[in-house]
2 protein chains.
Amino acid sequence: MAARDTGAQTAAHTPMPPKRPARALLLQAAARLFYAQGVAATGIDTITTEAGVAKKSLYNNFASKAELVAAYLEARHAEWLGLYSRRLEDARNPRERVLAVFDAYTDHANAAYLNGFRGCGLLNAAAELPAGAPGRLAVRKHKEEVEGLLARHVAEVLPAGHGRAAGLARHLAFLLEGAMARAGLEGNDACLKECRTIAARLLADV
Amino acid sequence: MAARDTGAQTAAHTPMPPKRPARALLLQAAARLFYAQGVAATGIDTITTEAGVAKKSLYNNFASKAELVAAYLEARHAEWLGLYSRRLEDARNPRERVLAVFDAYTDHANAAYLNGFRGCGLLNAAAELPAGAPGRLAVRKHKEEVEGLLARHVAEVLPAGHGRAAGLARHLAFLLEGAMARAGLEGNDACLKECRTIAARLLADV
DNA sequence: TTTTGTAGGTAGACTGACCTACCTACTATC
DNA sequence: GATAGTAGGTAGGTCAGTCTACCTACAAAA
């Protein structure tokens, strides 16, 4: 029985490739595939094949597909924060720090690793989740954090005690979210650039 | 062979229910299920069971699931136009006609047949479709038509030759789209009402 | 320095559930 | 009699997830 000879022809001619960081490869493949095709439409086998990783490795690193999806959402949020902080460094005044949020979304739209822009990956994933799913809450948290960043920098633009900072931040948040959605449908960042201009004018009018 | 007795116990005790408009029942069930669970997550059998209709009837009326999805998208667009035209009738001036677009989305969010608001059904469906899919184009067309309606009524609000009608319409379109997305994540129409207020102020400031 | 244990890789067969799509056989309505 | 409905089976594929069997890199113990 031990010698059922199934596969694994006793090495010697197949020297076995070296160990690799399977988790990172899986997250990378998942990022590409989930974004491009959607979560439900992307099977486990497709991901492991694309990652060049054994199926067992997936289940060594993640308890289930749902957990991989959760890690994917987490990674998208972290990725955006990275893009944003880079844009924030370049900003030289409060107004530019507000607009850095918009620039970070444009950078996201132009990220090289995704072939074909299809809108916000987090929102797209949320669209596939049923009403009460924890993933939807994670996406909501992300959007609220973005709005919080907007609000913080809007408050620096407005004269102290102006009282409309939160309202303006919300206005900008809706504007950005909508432009992102439309940009995703059109497959390019034109809407995002347009909405950045609108946002700049709103800030100038204050 | 003709008498293999498989199922269909020769009627007499099962008098067969009367003929019903299967197509409409299917579209109704698809509307509920596709919206609540997503397109890919909803199987053919679930739809036919929910509709109380035979599987054959589905394939009598639609060549494939993809065609049912296309009809679903079409129906959502038509439904929104209906909601909008009702709101349009109540509007008494150009400004109210612009805001009627916002009200139509609020009505959509509060539509009784969907248990649990989850955002724009068209946008959610688009999120499941790969980049080049015809369904995505249909959704984009819908959004452009909505923006066109906005633009038409914005032009009536602005003084002739103002030149910023298209720009304002686009601003409002992004605002509305973003509020809808956020509202979907939060499961209620609060964001939509908020964005209607923002829109009203924008129109007042012109 | 050598041995050995362990954690985390490899390939891919397999299970049971579910998917789309088509099918048979029968019936109600126009 | 043609059309469109009924119930439900079936084919062929794909899904997530488990499993066996083997391999490699590293570190701690001998």
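Below, read A as the first sequence line, B as the second, and so on, with proteins coming before strands; counting in each chain starts at 1.
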To the nearest Å, how far apart are [X] [atom1] and [N] [atom2]?
X	N	atom1	atom2	result
Asp45(B)	dT10(D)	CG	C1'	12 Å
Tyr59(B)	dC19(C)	OH	P	11 Å
Arg23(A)	dG8(C)	CZ	C1'	13 Å
Leu25(B)	dA4(D)	CG	C1'	14 Å
Lys56(B)	dC23(C)	NZ	P	8 Å
Ile47(B)	dG8(D)	CD1	P	19 Å
Asn60(A)	dC19(D)	CG	C1'	12 Å
Ile44(B)	dC18(C)	CD1	C1'	13 Å

Going by an N to O cut-off under 4.0 Å, is there a salt bridge joining Arg182(A) and Glu147(B)?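 Yes, charged N to carboxylate O under 4.0 Å.
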Aromatic rings His171(B) and His171(A): how do their planes relate, parallel, tilted or perpendicular, breaks at 30° and 60°?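 Ring orientation of His171(B) relative to His171(A): tilted.
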Looking only at atom types and distance, does a side-chain atom of Thr49(B) sit under 3.5 Å from a main-chain N or O of Thr46(B), one as donor and one as acceptor?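 Side chain of Thr49(B) to backbone of Thr46(B): no pair is present.
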Any donor-acceptor pair under 3.5 Å linking the side-chain atoms of His153(A) with those of Glu96(A)?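 Distance-only check fails for Glu96(A) and His153(A).
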Side-chain donor-acceptor pair under 3.5 Å between His108(B) and Glu79(B), yes or no?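 No, Glu79(B) and His108(B) have no side-chain donor paired with an acceptor closer than 3.5 Å.
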[X] side chain: which of [options] is closest?
X	options	value
Lys55(A)	dA11(C), dT18(D), dA21(C)	dT18(D)
Lys65(B)	dG9(C), dT20(C), dA7(D)	dT20(C)
Ser57(B)	dT6(D), dG9(C), dA21(C)	dT6(D)

For a quick check of understanding: with a heavy-atom distance under 4.0 Å over all strands, which category does [X] fall into, base, sugar-phosphate or nothing?
X	result
Ala54(A)	base
Thr48(B)	nothing
Thr42(A)	sugar-phosphate

